[in-house]
Amino acid sequence: MGEGNVYKWSFIDRISIALINFGVNIALARMLTADDFGLLAMIAIYTAIASDLSSCGLSDGLIHKTHPTDSDYSTVFVFNTVVGLVFGLIFFFTAPLTASFFGHEELTGIMRVVGICFFFQTMSYVQETRMRKQLRMRTMCLVRVGATITVSVLGIIAAAMGYGYKALVITQVTLSFFFFIYYTIASRWFPKIQFSVESFKEFFNYGVHLMLAYLATLVGRNINTTVLGRFYSSPAMSGVYYQGAKLASVPFGVTESSLNYPFFAVASNEENAVRRRQLLKSMMSVIIAVNGFIMMYIFVIAAPGVELLYGNKWLASIPILRILAIAEFLMCVRAYMQTVCKVHARTLFVRNMGFIEVGVQLSLLAAFYRFGILWIAWTQVLGVAFATIIYLYNCRHYIGLSIKGIFGLFIRSLWLPGVSAAFGLVAMFIVISMHPLVQCAAVTLVFGLVFIAFGELFKVPVYIDLKNRFIRNK
């Protein structure tokens, strides 16, 4: 598959799933309560950590290796499956302790179901990685969209039947089961039950540092809802934060998965050093511009958007959404810099930065969690901002940019979405007293038209690059 089609199908995959999840989330948010969402938010950190530890970064090792063998894939599959089984059992038998820690008995059943489905999730890692390495993005798209539609239908039916938080459990934890089934059917390939010690050592030595870095990142991303669930009496606080975080993460997740995610495979497959540096520089400007566009748009659309789609009971999530949009933008830049490091096998640096980032965030959280939910949100922003700056400084030579060059790249990539946001705010001020639907339509129309008009008028390089990638498919 050509590079253009790689990004096209990755984008189709992620935008389709994002739209499906967005629609389902709206439906469930209107049928369920903040307490229902808060229960799952409390244990998000446990499922995220187990998911990261199960692969130990071995999948990244498969991607980084130029020509992995069937024995390599089978080795990683056996390891992932065994670790998945271990964590599944841990979830099952420690569920009562977790429920006691948070003071909600409902978490016992949730944790046990998560443990079972987590086992199937680990079994699908290698099949997905194999397709990703082969750049079979179209097949991955069909599998992922099909599985997402399946669990979404089941979740909405369960919510309509009055199952409450159990509907969220169905949509979130059964997805791994259907991924495994659909990947197996689509690929018609199943790893052999064999284990190579040499292959394991090769991939473990490369991936263990990435695993620890991802682990630190997951702690930073999920610890806030855990703190809210533990130290604030109502699950609703965790639910409000979770909803704001989810709204912020969905659009940024689309860009991360459709750009940076496949780019790692593209850059790793490029053996020409000059061409690779050109690819890195070009992708960095796209990452900053696209995610800057999303961040600016969220700033102006947050209030009418939440009111229109979710109703008045979720208005408390608006400031959380805006704050975490900044964090998500920085996370996307940081994730891209991690990709640069992975391409150049600097996994130890990635690991150390993961520890530094979460250390900064936890220190801030310990100092400010008592001051309320907004202070908790800002600790996440500051932690990732600190790490992103260090990444940019230490990895600038891989992209061929000086400090001044990096600063200029940010300015060139962000001025267009910034101007679009300014005009969007003017439109918002004009229609502020109107129905939220009118406000959303006006802001979106003005924001989009200004972005396109200024991009065409001034021939903004990053705008032209985006057209070539997604519209003209060059």
Side-chain angles (χ1 to χ4, degrees), residues 14-44 47-48 104 106-107 110 113-114 148-175 221-222 224-226 228-229 232 234-254 294 297-325 327-328 373-374 376-377 435-437 439-441 443-444:
R14 306 304 167 156
I15 194 66
S16 299
I17 292 176
L19 291 174
I20 294 169
N21 287 336
F22 188 60
V24 172
N25 191 44
I26 292 173
L28 293 177
R30 289 185 172 274
M31 289 189 283
L32 304 177
T33 67
D35 285 349
D36 292 327
F37 282 89
L39 288 171
L40 264 72
M42 290 178 189
I43 64 168
T47 56
H104 296 279
E106 304 95 323
L107 294 177
I110 295 175
V113 174
V114 168
T148 303
I149 291 175
T150 302
V151 300
S152 298
V153 171
L154 292 176
I156 290 176
I157 292 175
M161 294 176 65
Y163 282 92
Y165 69 88
K166 295 178 182 178
L168 294 174
V169 176
I170 290 174
T171 59
Q172 294 195 22
V173 303
T174 60
L175 183 61
R221 184 181 282 272
N222 294 282
N224 289 353
T225 53
T226 301
L228 287 166
Y232 289 77
S234 172
M237 291 292 286
S238 292
V240 167
Y241 191 97
Y242 174 80
Q243 196 64 269
K246 188 171 185 178
L247 284 171
S249 67
V250 167
F252 290 101
V254 171
I294 295 172
Y297 180 68
I298 287 177
F299 284 167
V300 296
I301 201 70
V306 169
E307 183 179 358
L308 175 67
L309 297 175
Y310 292 89
N312 291 332
K313 66 179 180 180
W314 291 104
L315 293 182
S317 66
I318 293 173
I320 303 299
L321 170 59
R322 285 175 170 150
I323 294 171
L324 294 185
E328 290 290 341
I373 192 170
L374 296 184
I376 291 176
H435 191 275
L437 178 60
Q439 297 177 35
C440 290
V443 168
T444 302

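All residue numbers refer to positions in the sequence shown, counting from 1. From a predicted model like this one, the values you see are computed outputs, not experimental measurements.
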| query | Take atom CZ in Phe299; do more than 12 heavy atoms of anything else shown fall under 6.0 Å from it? | reply | yes
| Once you round to the nearest 0.5 Å, how far does CG of Leu32 lie from NZ of Lys166? | 13.0 Å
| query | Please walk me through it: do Ile157 and Tyr163 pass side chain to side chain contact (heavy atoms under 4.5 Å, CB included)? | reply | CA-CA 9 Å; Ile157 292 175; Tyr163 282 92; over 6 Å; no
| request: For side chain to side chain contact (heavy atoms under 4.5 Å, CB included), just list the numbers for Ile298 and Phe252, CA-CA rounded to whole Å, side-chain angles, deciding distance to a tenth of an Å, and then say yes or no. | output: CA-CA 11 Å; Ile298 287 177; Phe252 290 101; 3.8 Å; yes
| task | Return the minimal non-hydrogen interatomic distance between Gly244 and Leu324, and the atom names on each side. | result | C-CD1, 4.4 Å
| said: Looking at every non-hydrogen atom in both residues, tell me the closest pair between Leu374 and Pro319 and how far apart they are. | reply: CD2-CB, 3.7 Å
| What is the minimum heavy-atom distance between Ile320 and Ala377, and which atoms define it? | CD1-CB, 4.3 Å
| field | Spatial distance of atom CG (Leu107) from atom CD1 (Ile110) [nearest 0.5 Å] | value | 5.0 Å
| task | Only one of Leu321, Val306, Asn25 passes side chain to side chain contact (heavy atoms under 4.5 Å, CB included) with Gln243; say which it is. | result | Asn25
| Going from CD on Glu307 to NE2 on His435, what distance comes out if it is rounded to the nearest 0.5 angstrom? | 7.5 Å
| message | Would the distance check show the side chain of Ser249 and the main-chain N or O of Lys246 forming a donor-acceptor pair, the cut-off being under 3.5 Å? | response | yes
| request: Please name the pair of heavy atoms, one in Ala248 and one in Ala325, separated by the smallest distance, quoted to 0.1 Å. | output: CB-N, 4.1 Å
| Minimum heavy-atom separation for Ser152 to Asn21, with atom names? | OG-OD1, 4.5 Å
| query | Just by modelled atom types, is the Leu309 backbone N or O under 3.5 Å from a matching donor or acceptor in the Arg30 side chain? | reply | yes
| request: Of all the heavy-atom pairs spanning Pro304 and Ile301, show the shortest one and how long it is. | output: CD-O, 3.4 Å
| Can you tell me how far CD1 of Ile17 sits from OG1 of Thr148, rounded to the nearest 0.5 angstrom? | 4.0 Å
| task | Kindly compute the distance separating CG (Leu154) from CG (Leu175), expressed to the nearest 0.5 Å. | result | 11.0 Å
